[in-house]
Number of protein chains: 2
Amino acid sequence: MVRNWADITCPIQRTATLFADVYTIIILRELMSGSKRFTVLQEAGINPRVLTQRLRNLVNEGVVVRTRFAERPPRVEYALTPKGEALIPVLDALKNFGEKYLSGS
Amino acid sequence: MVRNWADITCPIQRTATLFADVYTIIILRELMSGSKRFTVLQEAGINPRVLTQRLRNLVNEGVVVRTRFAERPPRVEYALTPKGEALIPVLDALKNFGEKYLSGS
DNA sequence: CCGTATCCGAAGGGATACTG
DNA sequence: CAGTATCCCTTCGGATACGG
C-alpha cells in the first residue's frame, strides 16, 4: 500500500514520510542546540549503524550539513541547515504535547 | 539501544515514540476534518491489518475515541479526543514544512 | 574518531481470505 | 461493515568487530 513519492501530494504525509522516525527526531533534537559530533549523537542512544543511515538521509534531504575539519585528529560535525531549522516548529509541537500529556509515569 | 518508557524523560522523544509513524500520522490527518469510519480510513492507503494496529494504539493512548452506533447495520466511527486535538499543532507544523520545502517533484 | 561490514533474530507489513 | 487470521517475504536494528 506504499506509494511512490510523486503520488504523495499531501504535505503532511510528505514530511512524515521523510522524517517521522524516532531516531531521526532524536538527531534533530540534539542538533537543535548546536552542531554535534558523531560520537556525541551516538551517546543519545543510537547505535552507529542506525545513526549513519539516518544522518545520510538527513544530509540527502538537505536538512543537515556534514562538515569535516582538517585537524589532527580530523573532526566531523553535523549541523542543521536553514531547511533543517524549519523543522524546529515540529519539534516544538512534539515538546508541547509531551509536556502537557506525557509527563506522568 | 531502545529504552524503557520510564527512562525516556524528553517530551519530544516521548511523543515521537508514541506517534512518529507514517500510518499514525495519516490517520490523525484524516480525523482532523471530522470523525471517520474504518473503511474510509482504509481508503487513505492503509491496509486493514495495519489500520487496526494503529487505531488500537491511538485509542489506548487516549487520542482517539471509538464509537459504536447501534444501527442496522452497525456503524463505527473514530474521532479525535481533546487530547488528540492537541496533536493538531504537530500536523500543522508538518504541513507548513511540507508546503514550503517539499512541494516540487 | 568516524564510520563500515557482517551476522542474525525480531519485527513489520502487503496480500488475501475469512468471520460476526 | 469492521475487523481478524494467516502466510511469507522484506526490512529493521542490536551487537560486535573491523578499517581509514
Side-chain angles (χ1 to χ4, degrees), chain A residues 1-5 7-8 13 16-31 34-61 63-80, chain B residues 1-5 7-8 13 16-31 34-61 63-80:
Chain A
M1 234 99 167
V2 157
R3 328 280 247 285
N4 293 328
W5 179 252
D7 295 335
I8 306 173
Q13 192 172 341
T17 299
L18 295 179
F19 306 116
D21 164 82
V22 181
Y23 298 105
T24 298
I25 290 169
I26 292 173
I27 292 170
L28 294 173
R29 181 198 65 195
E30 292 298 312
L31 297 185
S35 67
K36 297 277 179 302
R37 308 181 62 162
F38 190 90
T39 306
V40 174
L41 293 172
Q42 247 185 289
E43 289 162 3
I46 312 179
N47 75 47
R49 188 178 158 284
V50 172
L51 180 54
T52 301
Q53 291 170 350
R54 297 304 191 278
L55 284 173
R56 197 192 315 276
N57 176 56
L58 290 167
V59 170
N60 286 342
E61 295 304 330
V63 301
V64 165
V65 59
R66 178 184 188 274
T67 308
R68 284 194 36 130
F69 294 91
E71 303 176 354
R72 312 214 55 89
R75 180 168 50 108
V76 175
E77 297 242 357
Y78 293 92
L80 294 181
Chain B
M1 233 99 169
V2 158
R3 327 282 247 285
N4 293 326
W5 178 253
D7 295 336
I8 305 172
Q13 192 171 341
T17 299
L18 295 179
F19 307 116
D21 165 82
V22 181
Y23 298 105
T24 298
I25 291 169
I26 292 174
I27 293 170
L28 294 173
R29 180 198 65 196
E30 293 297 313
L31 298 186
S35 66
K36 297 277 179 302
R37 308 182 62 160
F38 189 91
T39 307
V40 174
L41 293 172
Q42 247 185 292
E43 289 162 4
I46 312 178
N47 75 47
R49 188 179 157 282
V50 172
L51 181 55
T52 300
Q53 291 170 352
R54 297 305 190 277
L55 285 173
R56 196 191 316 274
N57 176 55
L58 290 167
V59 170
N60 286 342
E61 295 303 330
V63 301
V64 166
V65 60
R66 178 183 188 274
T67 308
R68 285 194 36 133
F69 294 90
E71 302 175 353
R72 312 215 54 88
R75 179 167 51 107
V76 174
E77 297 242 356
Y78 292 92
L80 295 180

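Each chain gets a letter, A, B and so on, in the order the sequences are listed, and its residues count up from 1. Values below: all heavy atoms of this structure, side chains included; hydrogens, waters and symmetry mates excluded.
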J.: Tell me the interatomic distance from A/Ile27, atom CD1, to D/dG13, atom P, rounded to whole angstroms.
T.: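 Those two atoms, CD1 and P, are 11 Å apart.
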J.: So which nucleotide from C/dG3, D/dT6, D/dG3 ends up closest to the side chain of B/Pro48?
T.: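 Of all the options, the side chain of B/Pro48 is nearest to D/dG3.
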J.: Might you work through the side chain to side chain contact (heavy atoms under 4.5 Å, CB included) test for B/Asn57 and B/Val64, ending with a clear yes or no?
T.: CA-CA 9 Å; B/Asn57 176 55; B/Val64 166; over 6 Å; no
J.: Please figure out whether A/Arg54 or B/Val40 has its closest DNA chain D nucleotide nearer the 5' end.
T.: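 Counting from the 5' end, the first nearest nucleotide belongs to B/Val40.
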J.: What is the distance, to the nearest angstrom, from the CG atom on A/Asn57 to the C1' atom on D/dC12?
T.: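 Taking CG of A/Asn57 and C1' of D/dC12, I get 15 Å after rounding.
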J.: Examine D/dG3: is either OP1 or OP2 under 4.0 Å from a nitrogen or oxygen in the side chain of B/Thr52? Give yes or no.
T.: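 Answer is no, no contact under 4.0 Å.
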J.: In terms of side-chain heavy atoms of A/Tyr78, which of C/dG13, D/dG14, C/dG3 is nearest?
T.: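 When the side chain of A/Tyr78 is considered, C/dG3 is the closest of C/dG13, D/dG14, C/dG3.
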J.: Judged by modelled atom types alone, do B/Arg54 and B/Tyr23 share a side-chain donor-acceptor pair under 3.5 Å?
T.: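 Short answer, no.
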J.: When the distance from CG of A/Leu51 to P of C/dC2 is rounded to whole Å, what number comes out?
T.: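 Whole-Å distance recorded here is 10 Å.
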J.: Contact class for B/Arg68 (heavy atom, under 4.0 Å): base, sugar-phosphate, or nothing?
T.: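 No contact.
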J.: B/Arg56 side chain N/O closer than 4.0 Å to the phosphate oxygens (OP1, OP2) of D/dT4?
T.: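 Affirmative; the distance criterion is met.
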J.: Expressed in angstrom and rounded to an integer, what is the separation of A/Gln42 atom CD from D/dT16 atom P?
T.: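 After rounding, the reported distance stands at 14 Å.
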J.: Mind checking whether B/Ile26 and A/Gln13 have side chains closer than 4.5 Å, heavy atoms only?
T.: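 Yes, at least one pair of side-chain atoms sits under 4.5 Å.
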J.: Using atom CG of A/Asp21 as one end and atom C1' of D/dG13 as the other, report the distance to the nearest whole Å.
T.: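 The answer, rounded to whole Å, is 11 Å.
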J.: Side chain of B/Arg49 only, heavy atoms from C-beta on: which candidate in C/dG13, D/dG13, D/dA2 is closest?
T.: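 Ranking C/dG13, D/dG13, D/dA2 by closest atom to the B/Arg49 side chain puts C/dG13 first.
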J.: Is any side-chain heavy atom of A/Thr24 closer than 4.5 Å to a side-chain heavy atom of A/Phe19?
T.: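 Sidechains of A/Phe19 and A/Thr24: in contact.
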J.: Check the distance between D/dT4's C1' and B/Ile46's CD1 and give it to me in whole angstrom.
T.: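 Rounding to the nearest Å, CD1 of B/Ile46 and C1' of D/dT4 are 17 Å apart.
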J.: Please determine if a side-chain N or O atom of A/Asn47 lies less than 4.0 Å away from the OP1 or OP2 oxygen of D/dG13.
T.: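 Checking A/Asn47 against D/dG13: no side-chain N or O falls below 4.0 Å of OP1 or OP2.
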J.: May I ask you to say what A/Arg72 touches in the nucleic acid, namely base, sugar-phosphate or nothing, with a heavy-atom cut-off under 4.0 Å?
T.: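 The residue A/Arg72 makes no contact with any strand.
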J.: B/Leu55 has an atom CG; how far is it from atom P of D/dC1, in whole Å?
T.: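 Computing the B/Leu55:CG to D/dC1:P distance gives 16 Å.
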J.: Can B/Leu41 and B/Leu55 be said to form a side chain to side chain contact (heavy atoms under 4.5 Å, CB included), step by step?
T.: CA-CA 10 Å; B/Leu41 293 172; B/Leu55 285 173; 4.1 Å; yes
J.: Which nucleotide in the set D/dC1, C/dG3, C/dT4 lies at the smallest distance from any side-chain heavy atom of B/Arg37?
T.: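 For the B/Arg37 side chain, the nearest candidate turns out to be D/dC1.
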J.: B/Lys36 NZ to D/dG3 C1': how many Å, rounded?
T.: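 Rounded to whole Å, this separation is 20 Å.
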J.: Please step through side chain to side chain contact (heavy atoms under 4.5 Å, CB included) for the pair A/Val63 and A/Leu80, ending with a clear verdict.
T.: CA-CA 6 Å; A/Val63 301; A/Leu80 294 181; 5.7 Å; no
J.: Taking the nucleotide of DNA chain C with the closest heavy atom to each, which residue, A/Gln53 or A/Pro73, is nearer the 5' end?
T.: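 Closest to the 5' end, via its nearest nucleotide, is A/Pro73.
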J.: So if I take every side-chain heavy atom of A/Tyr23 and compare against D/dA5, D/dG3, D/dG13, which nucleotide ends up nearest?
T.: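 Nearest nucleotide to the side chain: D/dG13.
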J.: I want to verify a distance call: between D/dG14, D/dT16, C/dG13, whose nearest atom is closest to the B/Val50 side chain?
T.: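 Nearest to the side-chain atoms of B/Val50, counting from C-beta on, is C/dG13.
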